[in-house]
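Every chain is numbered from 1, with letters handed out A, B, ... down the list of sequences. The structure displayed is predicted, hence computed values, not measured ones.
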Protein chains: 2
Amino acid sequence: MTVTIKDVAKKAGVSPSTVSRVLSGHPRISLETSRKVKVIMEEMGYTPNMMAKSLVSKTTNSICIILPKPAEELFSNLFFMELIRGIVTQASRSGYDVLISSGANEKEELEAVSRLLKGRRVDGAILLYSRKDDAVIEFLENNSYPFVLVGRSDRYENILSVDNDNVMAAFDATNHLISMGHERIGFVSGPPELIVSRDRLEGYRKAMQSSGLQTQPEWIVEGEFLQESGYRAMSFFMNLPNRPTALVAVDDMVSFGVLRGLNELKYKVPEDLAIVSFNNIPLSELSSPPISSIDIGIYHLGYTASQVLIQSIQKPDNNTGYTNRFVIPHRLIIRESSMRGPGKE
Amino acid sequence: MTVTIKDVAKKAGVSPSTVSRVLSGHPRISLETSRKVKVIMEEMGYTPNMMAKSLVSKTTNSICIILPKPAEELFSNLFFMELIRGIVTQASRSGYDVLISSGANEKEELEAVSRLLKGRRVDGAILLYSRKDDAVIEFLENNSYPFVLVGRSDRYENILSVDNDNVMAAFDATNHLISMGHERIGFVSGPPELIVSRDRLEGYRKAMQSSGLQTQPEWIVEGEFLQESGYRAMSFFMNLPNRPTALVAVDDMVSFGVLRGLNELKYKVPEDLAIVSFNNIPLSELSSPPISSIDIGIYHLGYTASQVLIQSIQKPDNNTGYTNRFVIPHRLIIRESSMRGPGKE
DNA sequence: CTTTGTGAAGCAAACGGTTCCATAAGGAGG
DNA sequence: CCTCCTTATGGAACCGTTTGCTTCACAAAG
């Protein structure tokens, strides 16, 4: 059925090896043969069999994305979409295919990774949002498979990773509120086992401190990257004796929850509570009022991750141990939700 | 390096074929050998090489998703994320991997599909949002590769597809507004080359007609699946001499645009204009006011597409020509944006 | 005791490429 | 005119599996 390299060879009156060489642009092939073979390939509609190619070359020209289980559970999925978009775009430019995989739990995830990497179905992996210690990372490292982490791990030092400077980002976000005149600023954090939560919290603390502002322990609440957390945090804050006039939320979804709550209670944003959050997902400018957010360059994050991974696949000698952490710049997008100071009490 | 079937065979003192048969659960292998081999596989950490397997079996256990170019351009991406989520979940349950691919234009797309299918990297494809006539569909059909279309094509009859009954959905949406007492109802459509636009428009027309309501030509405007279209449509409608009191929008993103516009002009929703749209993306309930929307079961759409595709890969004899169109049920989610009739003029 | 049937395992040929090594032709240098 | 490169190509082994056909041993049947 399918036309193979041998069929082409036969029709062209050359050997299979010659055809193969034409295909790969081997230098010692006469122009004449090359042309002839190419014409015949075109005529017969030849397409190389990737499986056969991979078998001998031990290379697949594809990478995989390992989604953490929360992705299955909807999570803040715009984030992932953007990331995937960046990855797929870059990979495709480098001639790589992208395979999406996920597992219901860490064990399943590990199985999937092992099957894909050891089974030589992909050449490398991109991991999203790692936990503190991670069997998957462990596995990949021990077998020295190429991989890059989107996010940061404080446990593993020398692994490739692409991330933002979340401490600095939170510092900037908080400083913005301070510069608008706010002094009582709350913080809604994410799950403490995620490093991103801790980094952002740290940045908030630093900003407060460096401006000589007190931060009350009750102004910091923990939650998830979900609306509910924002809703809950909001009602907690608003009942405080001297409640904050502004807050920094670890994720835009949290802000939406806060917004919904404030709306129900007829509070005004930013008059009664100013808000800044992170990620700048497309919704941020759609809410009313639009939310100020730190744009962390999600697409860029994915794009870079793919680039770094593919580079490391193609020349694995990059063990300088130097530039293995790539930091994507962030920027603050100021919108209505933080456009006013605490003023009118 | 990697441990192959031969290594296992040698260590177990059997032939490679025996190991292979143990792996595939061949009936004529003694329990004893089977156990022995399995232990050794475990010991040596054997993982089958998928490439070799695929080469001989001519099967890859993976499928691909072909994203239309607009996906690269952000589009209403929550839609795609949900769809992908459904596809990946189902595929993974069936033991299939999913490959994401896209091209900048139709030609590139075709190249990608050809490379993947003819190159035997995947066993089948899922196409999203097809244009009216499509070189990709043409190609897949001519080569009788398994594929399923998410959406509908009126040109190709016998292809597998998963879709909603968009005519009925629009009928329901419109009827809901009518039942709230609205009589002047506008419609914001999508690009006319997308079948989904036309179907929804048709449903709207039918509903109006079946209630004996007049539909003014100027109440129907064309746009894209984007906010801007909504914004523009809004300002057009609101300047009409006897403007509509309600409107149906072809996509939630359009509603957001409308909402933003109305907000700027200090109009109230639903008092001044009631709104219903389609897709029920997660944002719909986050806007203020929350938007009534037809939930078309995006996740389910993806899940089913994957299921249907894999089924057709595994037994391609399903040429009954009967059940090749799968319709996913929709349901109307009523929210604040359509909770009041035209009443107070 | 020889023939036939059956279950368990091995041999070797594929699958569609790549690549090392060998070879033939032709031209340059001695 | 013979030797030695160089260049363009062919031959064959190999990548890691699967699978049809054999083979072998042994028990049942004639």
Counting side-chain heavy atoms from CB outward, which of [options] is closest to [X]?
| X | options | value |
| --- | --- | --- |
| Val56(A) | dC15(D), dT9(D), dT18(D) | dC15(D) |
| Ile5(A) | dT9(D), dA9(C), dG17(C) | dG17(C) |
| Lys6(B) | dC11(C), dG11(D), dT17(D) | dT17(D) |
| Leu55(B) | dC15(C), dG17(C), dA8(C) | dC15(C) |
| Asn49(B) | dG10(C), dG16(D), dG11(D) | dG16(D) |
| Val14(B) | dG11(D), dG10(C), dG17(C) | dG10(C) |

Does [N] have OP1 or OP2 sitting under 4.0 Å from an N or O in the side chain of [X]?
| X | N | answer |
| --- | --- | --- |
| Ser30(A) | dT9(D) | yes |
| Ser15(B) | dG10(C) | yes |
| Thr33(B) | dA9(C) | yes |
| Lys58(B) | dT18(D) | no |
| Ser24(B) | dT18(D) | no |
| Thr18(A) | dG10(D) | yes |
| Arg28(A) | dA8(D) | no |

Report which part of the nucleic acid [X] touches: base, sugar-phosphate, or nothing (heavy-atom distance under 4.0 Å, all strands).
| X | value |
| --- | --- |
| Thr47(A) | sugar-phosphate |
| Gly13(B) | sugar-phosphate |
| Ser20(A) | base |

Could you pull out the protein-nucleic contacts involving nucleotides 20-25 of chain C (nitrogen or oxygen on both sides, under 3.5 Å)?
residue : atom : partner  : partner atom : Å
dC20(C) : N4   : Arg21(A) : NH1          : 3.3

Heavy-atom closest contact ([X] atom, [Y] atom, distance):
| X | Y | value |
| --- | --- | --- |
| Ile87(A) | Gly302(A) | CG1-O, 3.4 Å |
| Thr47(A) | Arg115(B) | CG2-CA, 4.5 Å |
| Ala125(B) | Leu117(B) | CB-CD2, 4.2 Å |
| Ser92(A) | Ser102(B) | OG-O, 4.5 Å |
| Ile159(A) | Ser153(A) | CD1-CB, 4.3 Å |

Checklist entry - Is it true that atom NZ of Lys11(A) has more than 12 heavy atoms of other residues, nucleotides or ligands lying nearer than 6.0 Å? => result no
Next on the checklist: So for atom NZ, which belongs to Lys36(A), do other residues, nucleotides or ligands contribute more than 12 heavy atoms lying within a distance under 6.0 Å?
Outcome noted: yes
Interatomic distance where [atom1] belongs to [X] and [atom2] belongs to [N] [whole Å]:
| X | N | atom1 | atom2 | value |
| --- | --- | --- | --- | --- |
| Lys10(B) | dG10(C) | NZ | P | 14 Å |
| Ile29(B) | dA8(C) | CD1 | P | 8 Å |
| Leu31(A) | dT9(D) | CG | C1' | 16 Å |
| Lys53(A) | dG16(D) | NZ | P | 19 Å |
| Asp7(A) | dC15(C) | CG | P | 10 Å |
| Arg35(A) | dA8(D) | CZ | P | 14 Å |
| Met51(A) | dT18(D) | CE | P | 15 Å |

Next on the checklist: Please check this pair: side chain of Lys118(B) against backbone of Gly45(A), looking for a donor-acceptor N/O pair closer than 3.5 Å.
Outcome noted: yes
Checklist entry - Is a side-chain donor or acceptor of Thr60(A) paired with a backbone partner of Ser62(A) at a separation under 3.5 angstrom? => result yes
Item to check | Toward the 5' end of DNA chain C, by each residue's nearest nucleotide, Leu23(A) or Ala52(B) | outcome: Ala52(B)
